[in-house]
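Let me begin by presenting the structure, written as structure tokens, before commenting on it.
In listed order, ligands and their atoms are each counted from 1.
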Amino acid sequence: MEIKKKTCFVLFYMCCFLACVAKGLDKPRITLNAEDNIFRNYSLGGNHSRVELLQGPSDTTLYVGGDGKLFLIDFQKRNHSEIPLTYNVTLMHRYPNTQYLYVCGTHGEPVCCNVSMKLTNSSEPLPAQGIAPFGVDEQAPSLFIEDELYTTASYEKSGSKIGIRRWSDGSMGSIWSNQENTQDLRYVALAWSGPKENKLQDKVYAFMWEKNPDPSREAELWVPLVTQICKVDRGGPKSCLQKSWTSHLRARLSCGIPDRKLYFSKLVDVTILYAERWNEGRAYALFSNGWNMSAVCIYTLGDIDRVFTTSSFREHPGQVPQPRPGMCVSDSTKLPRDVLKMMMGPLEMQEWVKPVGDRPLIISRHQYTRIEVDSVMAVDGTQYSVLFLSLEDGRIHKVLEVMGQFFIIAELNVFQRKTVIQNMLLQNSTKKLYVSNGVEVLEVDLHACKKYGTQCVDCVQARDPYCGWDAISQTCTAASSGTIQDVQHGDFRRCEDLPVSSALHSLPFVTEVPLQAAHFLNCPMRSGHAEYNWYYNDDSQGCVSTDKGCLLLIETMGPDHDGKYECKASEGGYERTVALAQLQTAGRAAGLPPPLAGAVCLLSCFTFFL
Ligand SMILES: *[C@@H]1O[C@H](CO)[C@@H](O)[C@H](O)[C@H]1NC(C)=O
Ligand SMILES: *[C@@H]1O[C@H](CO)[C@@H](O)[C@H](O)[C@H]1NC(C)=O
Ligand SMILES: *[C@@H]1O[C@H](CO)[C@@H](O)[C@H](O)[C@H]1NC(C)=O
Ligand SMILES: *[C@@H]1O[C@H](CO)[C@@H](O)[C@H](O)[C@H]1NC(C)=O
Ligand SMILES: *[C@@H]1O[C@H](CO)[C@@H](O)[C@H](O)[C@H]1NC(C)=O
Ligand SMILES: *[C@@H]1O[C@H](CO)[C@@H](O)[C@H](O)[C@H]1NC(C)=O
Ligand SMILES: *[C@@H]1O[C@H](CO)[C@@H](O)[C@H](O)[C@H]1NC(C)=O
Ligand SMILES: *[C@@H]1O[C@H](CO)[C@@H](O)[C@H](O)[C@H]1NC(C)=O
């Protein structure tokens with residue numbers, strides 16, 4: 001009964017949702033293809049099962065770790081260095097202030113090495129078990145901060161004993177999780193809360209999911225969680241939790257619309273946008289659900305911290321010992337017994353961490369696979385977030401977050417064929433996005449603004465915070481002070497010299513169409529958010545959207561079809577002519593050639609359904 005009701009709710013919501021989709025809110029405004037030259041590509045000379053990406057020593061360079069190879073690619077000079085490795089790369093970090101990289105991989109067993117930044121030499125193997133995965137398929141995020149390495153790889157080949165560990169030569173020592181788990185769970189991302197004003201309270205957060213222990217049918221399959229540990233944690237005393245975390249807490253993440261019984265529980269990917277004030281830092285979390293829908297929920301580090309520092313503890317009603325479990329203390333080996341005892345089990349908060357605005361930023365029918373986020377300063381000084389979401393077939397959506405809503409600025413269709421995006425890296429200082437499918441690596445220029453069009457309106461309606469209209473050069477270009485932009489509303493009235501409503505003045509060539517022949521008029525559709533319409537003698541004729549454009553079909557040509565046709569696009573209150581045609585009936589009747597007859601039938605049926 002319950003299940004039926006739930007399914008019903010979900011179906012009802014899906015219908016409403018699909019109605020929105022039909023209205024185009026879920027559609028990219030512009031599609032950019034490989035021919036638009038917004039990227040530079042580099043071939044890896046093979047098909048790598050996994051690629052790891054790391055910013056190189058200079059702005060246009062990138063380290064790429066693959067199967068048995070490590071590359072340093074210079075996209076500007078279009079050359080590269082490479083060294084052969086005896087393993088397939090699974091993890092790369094840079095040691096701060098040294099000339100070395102920390103590179104790990106697997107050859108059946110995990111292995112780590114120091115590799116010089118210029119790829120001239122590589123050290124003897126370093127310890128790797130529990131740091132790097134056994135297999136290239138295992139995703140195990142790691143974090144390298146302040147000379148400490150936090151890792152989440154499985155400790156055994158079977159993929160079991162997954163937990164968060166710290167590796168440190170310093171006074172804090174290495175720490176292992178006492179809650180290492182053999183059940184189905186995966187770490188998705190690690191984040192640092194700091195640096196906080198009070199360094200003692202610096203924490204590391206881990207985003208993860210695990211199989212829901214609740215076996216009932218109406219329960220969600222997965223449970224998304226965030227956990228915390230204190231950076232100053234040095235484990236318990238000899239008798240209890242020695243060299244194990246004494247500050248490990250967990251809290252559930254909520255993402256969905258409870259009123260509609262719509263929940264997203266499979267955490268797919270998380271990326272962190274750090275802020276000047278640590279508590280304003282945001283975790284952008286990508287989820288999916290059993291219906292193959294995607295959602296993005298945003299959690300602030302401040303909200304996460306608040307749940308860990310104020311919520312009551314699940315299954316621990318009553319008195320909470322002092323200091324409060326999970327509080328960071330300068331010497332965790334001196335914690336009282338009752339606190340340590342509580343920290344032995346998985347200790348979960350009663351309260352769930354809620355997303356910003358209490359609901360997802362994005363709910364989409366697209367199956368997104370990865371997320372990257374950039375913070376971009378608009379011309380008016382406002383900071384906007386731009387999300388990059390990869391799809392399962394190799395496309396990428398560039399999405400603006402604005403006033404709690406989202407707007408798909410563009411679809412980047414950069415790979416020429418269907419492919420699986422293996423990794424993405426946003427380089428915020430150079431405004432480049434690196435994407436790889438294992439065969440090639442692309443460097444996508446996020447300032448490629450010219451593609452939006454040749455008029456101010458094209459540039460302003462794009463709502464791309466990276467781009468602005470330069471009135472002097474009359475181009476859509478990288479945003480800078482003085483360029484015209486309206487990220488908030490995309491209002492065309494920001495543009496000064498608006499072209500008179502009909503952009504194309506010259507009379508079109510006359511096209512002669514044989515009497516009784518069928519003829520199509522095509523109107524190019526640049527914007528997925530505009531409405532297109534063909535007019536004949538100022539009467540709207542409508543048109544049928546296809547991949548190629550908006551088509552107007554004249555089934556049988558005759559003198560009453562002679563004359564001027566105009567296709568207008570209307571978007572955000574701005575209307576303009578995008579195509580003109582002039583038809584004239586020619587000579588005598590012509591029979592329909594057979595392929596065209598088929599197309600006419602198909603199109604008629606299609607029009608009928610619309
Ligand atoms: C880069 O892309 C172009 C087309 O956009 C393609 O012709 C070329 O083969 C690619 N180069 C590499 C090295 O993959
Ligand atoms: C690379 O190899 C994988 C697995 O064998 C395959 O599915 C994929 O299509 C290959 N990629 C390309 C671009 O050829
Ligand atoms: C590319 O070539 C230049 C010389 O033209 C060289 O200095 C540089 O090291 C090369 N870059 C890489 C990544 O190999
Ligand atoms: C690396 O991965 C490839 C699959 O692409 C596999 O054939 C090869 O054996 C692996 N190499 C090592 C050293 O593990
Ligand atoms: C690896 O590099 C780090 C940082 O430079 C250094 O502390 C460590 O001793 C190196 N290990 C080896 C085996 O070279
Ligand atoms: C790498 O080579 C440099 C000189 O070429 C040498 O000084 C350094 O010790 C080497 N490092 C390792 C880890 O072998
Ligand atoms: C979701 O997608 C997967 C693979 O892409 C497919 O096998 C599965 O049937 C889909 N599920 C639903 C409910 O559409
Ligand atoms: C880029 O991101 C890093 C880490 O998130 C941050 O510390 C840095 O301030 C950012 N830089 C810019 C230019 O936004």
Side-chain angles (χ1 to χ4, degrees), residues 3 6-7 10-11 13-15 17-18 21 40 42-91 99 101 103-113 115-122 125 128 132-138 157 220-222 262-266 268 286-295 363-370 390-395 418-423 434 436-441 443:
I3 298 164
K6 186 182 165 191
T7 311
V10 172
L11 284 177
Y13 181 72
M14 292 258 291
C15 288
F17 169 76
L18 288 173
V21 169
R40 297 192 273 211
Y42 209 92
S43 167
L44 294 176
N47 186 351
H48 296 257
S49 53
R50 172 170 179 159
V51 284
E52 293 296 314
L53 308 175
L54 181 71
Q55 181 64 38
S58 70
D59 279 358
T60 58
T61 59
L62 182 76
Y63 290 108
V64 181
D67 292 351
K69 269 187 188 154
L70 178 58
F71 302 85
L72 172 58
I73 299 173
D74 188 328
F75 280 88
Q76 189 156 25
K77 297 212 173 80
R78 298 197 80 86
N79 63 354
H80 77 275
S81 326
E82 68 176 66
I83 49 164
L85 303 172
T86 55
Y87 49 89
N88 290 348
V89 176
T90 55
L91 179 159
Q99 293 298 308
L101 306 174
V103 180
C104 301
T106 175
H107 50 185
E109 303 282 323
V111 49
C112 293
C113 290
V115 176
S116 63
M117 274 174 76
K118 293 192 169 148
L119 307 191
T120 45
N121 55 10
S122 172
F134 278 87
V136 284
D137 293 336
E138 184 185 331
K157 200 163 193 160
E220 295 292 317
L221 276 177
W222 308 283
L262 182 71
Y263 303 105
F264 292 88
S265 58
K266 177 77 182 283
V268 177
L286 172 63
F287 290 85
S288 69
N289 68 4
W291 304 83
N292 283 348
M293 291 163 74
S294 302
I363 295 179
S364 170
R365 79 197 141 96
H366 295 296
Q367 272 191 67
Y368 292 124
T369 56
R370 280 177 184 272
S390 60
L391 288 112
E392 74 284 3
D393 60 2
R395 291 174 291 158
K418 271 198 175 186
T419 189
V420 177
I421 291 182
Q422 293 220 3
N423 217 336
Y434 295 98
S436 181
N437 64 349
V439 173
E440 45 182 348
V441 187
E443 181 195 65

_Nearest non-hydrogen protein atom, atom 5 (O) of ligand 3_ =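 Protein heavy atom with the smallest distance to atom 5 (O) of ligand 3: Lys77 CD, 4.1 Å.
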*asked:* Among all the protein's non-hydrogen atoms, which is closest to atom 14 (O) of ligand 3, and how far away is it?
replied: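 The protein heavy atom lying closest is Ser81 OG, 2.8 Å.
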*At a 4.0 Å threshold, what atoms of ligand 7 neighbour a non-hydrogen atom of Gly290?*
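Those qualifying, in numeric order: 13 (C).
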*May I ask you to list the atoms of ligand 7 that are less than 4.0 angstrom from any heavy atom of Asn292?*
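Going through ligand 7 atom by atom, the ones under 4.0 Å from Asn292 are 1 (C), 2 (O), 3 (C), 8 (C), 10 (C), 11 (N), 12 (C), 14 (O).
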Just by distance, no angles: are the side chains of [X] and [Y] close enough, under 3.5 Å, to form a donor-acceptor pair?
X	Y	answer
Asn423	Ser436	no
Thr60	Asp74	yes
Thr369	Ser390	yes

*Verify the neighbour count for atom CD of Glu392: are there more than 12 heavy atoms of other residues, nucleotides or ligands below 6.0 Å?*
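Check passes, neighbour count above 12.
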*atom 7 (O) of ligand 4 protein-contacted, heavy-atom criterion under 4.0 angstrom*: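 No, because not a single protein heavy atom sits under 4.0 Å from atom 7 (O) of ligand 4.
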*Pick, from Ile73, Leu119, Asn79, the option with the minimum heavy-atom distance to atom 1 (C) of ligand 3.*
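It is Asn79 whose heavy atom sits nearest to atom 1 (C) of ligand 3.
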_Options Thr86, Asn88, Asp67, ranked by nearest heavy atom to atom 11 (N) of ligand 4, top entry_ =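 The option holding the nearest heavy atom is Asn88.
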_Need the ligand 4 atom indices (1-based, order shown) with element for anything under 4.0 Å from a heavy-atom of Thr106._
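Checking each atom against Thr106, I get 14 (O).
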Do [X] side-chain atoms and [Y] backbone N/O form a donor-acceptor pair below 3.5 Å?
X	Y	result
Arg370	Leu286	no
Glu443	Leu62	no
Tyr263	Asn289	no

_Need the ligand 3 atom indices (1-based, order shown) with element for anything under 4.0 Å from a heavy-atom of Leu72._
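Listed by number with element: 13 (C).
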*What part of Val136, side chain from CB on, backbone N/CA/C/O, both or neither, has a heavy atom under 4.0 Å from ligand 4?*
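The answer is neither.
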*Under 4.0 Å, heavy atoms only, figure out whether ligand 7 is touched by the backbone of Gln367, its side chain, both or neither.*
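Side chain only.
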*Give yes or no for whether the N/O distance cutoff of 3.5 Å, strictly under, is met between Asp74 and ligand 3.*
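No, no N or O pair falls under 3.5 Å.
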*Tell me if the SG of Cys112 lies under 2.5 Å from the SG of Cys104.*
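Answer is yes: Cys112 pairs with Cys104 in a disulfide.
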